[in-house]
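Just so you know, these numbers use all the heavy atoms, side chains as well, and skip hydrogens, waters and symmetry mates.
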Amino acid sequence: MEQFVIQYKDFLYPLAEISAYTLELVGILIIVIGSLRALVRLVQCLIKRQPFHVVVDLGKALSLALELKMGAEIIKTVVIHNLEELAILGVVIVIRALLSFIIHWEIRSEEREAAHKADPPTEDTEQS
């Protein structure tokens with residue numbers, strides 16, 4: 001049984017590390033591609049003089065990337081060897097969760113503002 005546990009760890013640890021680093025890489029790619037896409041759309045809208053909400057587009061990409069990066073951090077808990085590593089990992093997860101919350105809040109605020117500008121209240125709805 002002990003030999004099985006050792007072989008299982010020898011299989012699980014590299015798999016967890018590869019998975020975590022792959023999620024980190026995908027998160028980085030999403031940030032880069034999302035940022036470039038938002039920049040291109042912003043320039044296009046500026047040239048055409050159309051409104052464009054960069055915060056929503058970029059925020060969605062950042063939010064997805066943060067979710068993947070938090071997933072990578074959770075996978076990394078498999079290979080933690082001491083309490084110091086666990087504490088650092090916990091702080092990183094909390095910071096990323098806070099960033100994700102702030103980004104979601106920003107996106108919702110921008111979407112509400114855009115909807116309000118697109119459909120301003122009429123006199124009837126203002127009086128009620």
Side-chain angles (χ1 to χ4, degrees):
M1 182 65 167
E2 190 174 316
Q3 184 65 27
F4 173 75
V5 171
I6 291 171
Q7 288 177 341
Y8 189 70
K9 281 183 178 180
D10 289 345
F11 169 76
L12 184 64
Y13 284 10
L15 179 64
E17 286 184 353
I18 290 169
S19 299
Y21 287 125
T22 301
L23 286 174
E24 291 275 354
L25 176 63
V26 172
I28 290 168
L29 290 173
I30 288 172
I31 291 171
V32 170
I33 292 168
S35 299
L36 290 174
R37 180 175 169 230
L39 180 64
V40 167
R41 289 194 61 205
L42 176 64
V43 170
Q44 287 173 343
C45 288
L46 287 174
I47 291 170
K48 295 177 184 176
R49 297 179 190 250
Q50 295 175 338
F52 175 64
H53 300 283
V54 179
V55 173
V56 173
D57 236 30
L58 185 57
K60 287 180 180 179
L62 292 175
S63 178
L64 176 60
L66 271 172
E67 295 294 330
L68 290 170
K69 293 175 108 7
M70 281 197 309
E73 297 300 333
I74 291 168
I75 290 173
K76 287 179 186 177
T77 61
V78 171
V79 294
I80 288 179
H81 296 99
N82 58 43
L83 287 177
E84 184 178 319
E85 289 178 8
L86 181 62
I88 292 169
L89 189 61
V91 169
V92 169
I93 288 174
V94 167
I95 290 170
R96 287 185 178 173
L98 285 172
L99 285 171
S100 183
F101 174 76
I102 291 168
I103 289 170
H104 281 289
W105 180 74
E106 279 284 326
I107 291 170
R108 280 195 308 264
S109 297
E110 283 292 320
E111 286 175 338
R112 271 189 247 128
E113 187 178 313
H116 183 70
K117 286 180 181 176
D119 188 26
T122 61
E123 288 182 28
D124 293 336
T125 57
E126 286 180 352
Q127 293 175 355
S128 21

Quick one: pull up [atom1] in [X] and [atom2] in [Y] and give me the separation to the nearest 0.5 Å.
| X | Y | atom1 | atom2 | value |
| --- | --- | --- | --- | --- |
| Glu67 | Ile103 | CD | CD1 | 9.5 Å |
| Thr77 | Leu86 | OG1 | CG | 8.0 Å |
| Thr22 | Glu17 | OG1 | CD | 11.5 Å |
| Ser63 | Ile107 | OG | CD1 | 5.5 Å |
| Ile31 | Leu66 | CD1 | CG | 6.5 Å |
| Leu62 | Ile102 | CG | CD1 | 12.0 Å |

- Applying side chain to side chain contact (heavy atoms under 4.5 Å, CB included), run through Arg37 and Asp57 and close with a yes or a no. CA-CA 8 Å; Arg37 180 175 169 230; Asp57 236 30; 4.1 Å; yes
- Heavy atoms, side chains only, cut-off 4.5 Å: are Arg108 and Arg112 in contact?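 Heavy-atom side-chain distance check passes, below 4.5 Å.
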If you look at every heavy atom in [X] and [Y], which pair is closest and at what distance?
| X | Y | result |
| --- | --- | --- |
| Gly34 | Ala61 | CA-CB, 3.8 Å |
| Glu73 | Glu24 | OE2-OE2, 3.2 Å |
| Gly27 | Ala65 | O-CB, 3.3 Å |
| Lys76 | Ala20 | CG-CB, 3.8 Å |
| Gly71 | Leu23 | C-CD1, 4.0 Å |

Is there a path of hydrophobic side-chain contacts, each under 4.5 Å between heavy atoms, that joins [X] and [Y]?
| X | Y | result |
| --- | --- | --- |
| Ile47 | Val40 | no |
| Val26 | Ile75 | yes |
| Leu99 | Leu58 | yes |

- Message: Taking salt bridge (charged side-chain N to carboxylate O under 4.0 Å, His left out) as the definition, give me every residue that meets it alongside Lys60, ordered by chain and number, with sequence neighbours left out.
- Response: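 Glu111.
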- Query: Which of parallel (below 30°), tilted (30 to 60°) and perpendicular (above 60°) describes Tyr8 and Phe4?
  - Reply: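 Aromatic pair Tyr8/Phe4 classed parallel.
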- Query: Sub-3.5 Å donor-acceptor pair from the side chain of Ser19 to the main-chain atoms of Leu15, do we have one?
  - Reply: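 Confirmed, Ser19 side chain pairs with Leu15 backbone.
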- Counting only heavy atoms not in Phe101, do more than 12 sit closer than 6.0 Å to its CZ atom?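 No, the 6.0 Å shell around CZ holds no more than 12 heavy atoms from other groups.
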- Message: If you count heavy atoms of other groups shown closer than 6.0 angstrom to CG of Leu46, is the number above 12?
- Response: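 Enclosed.
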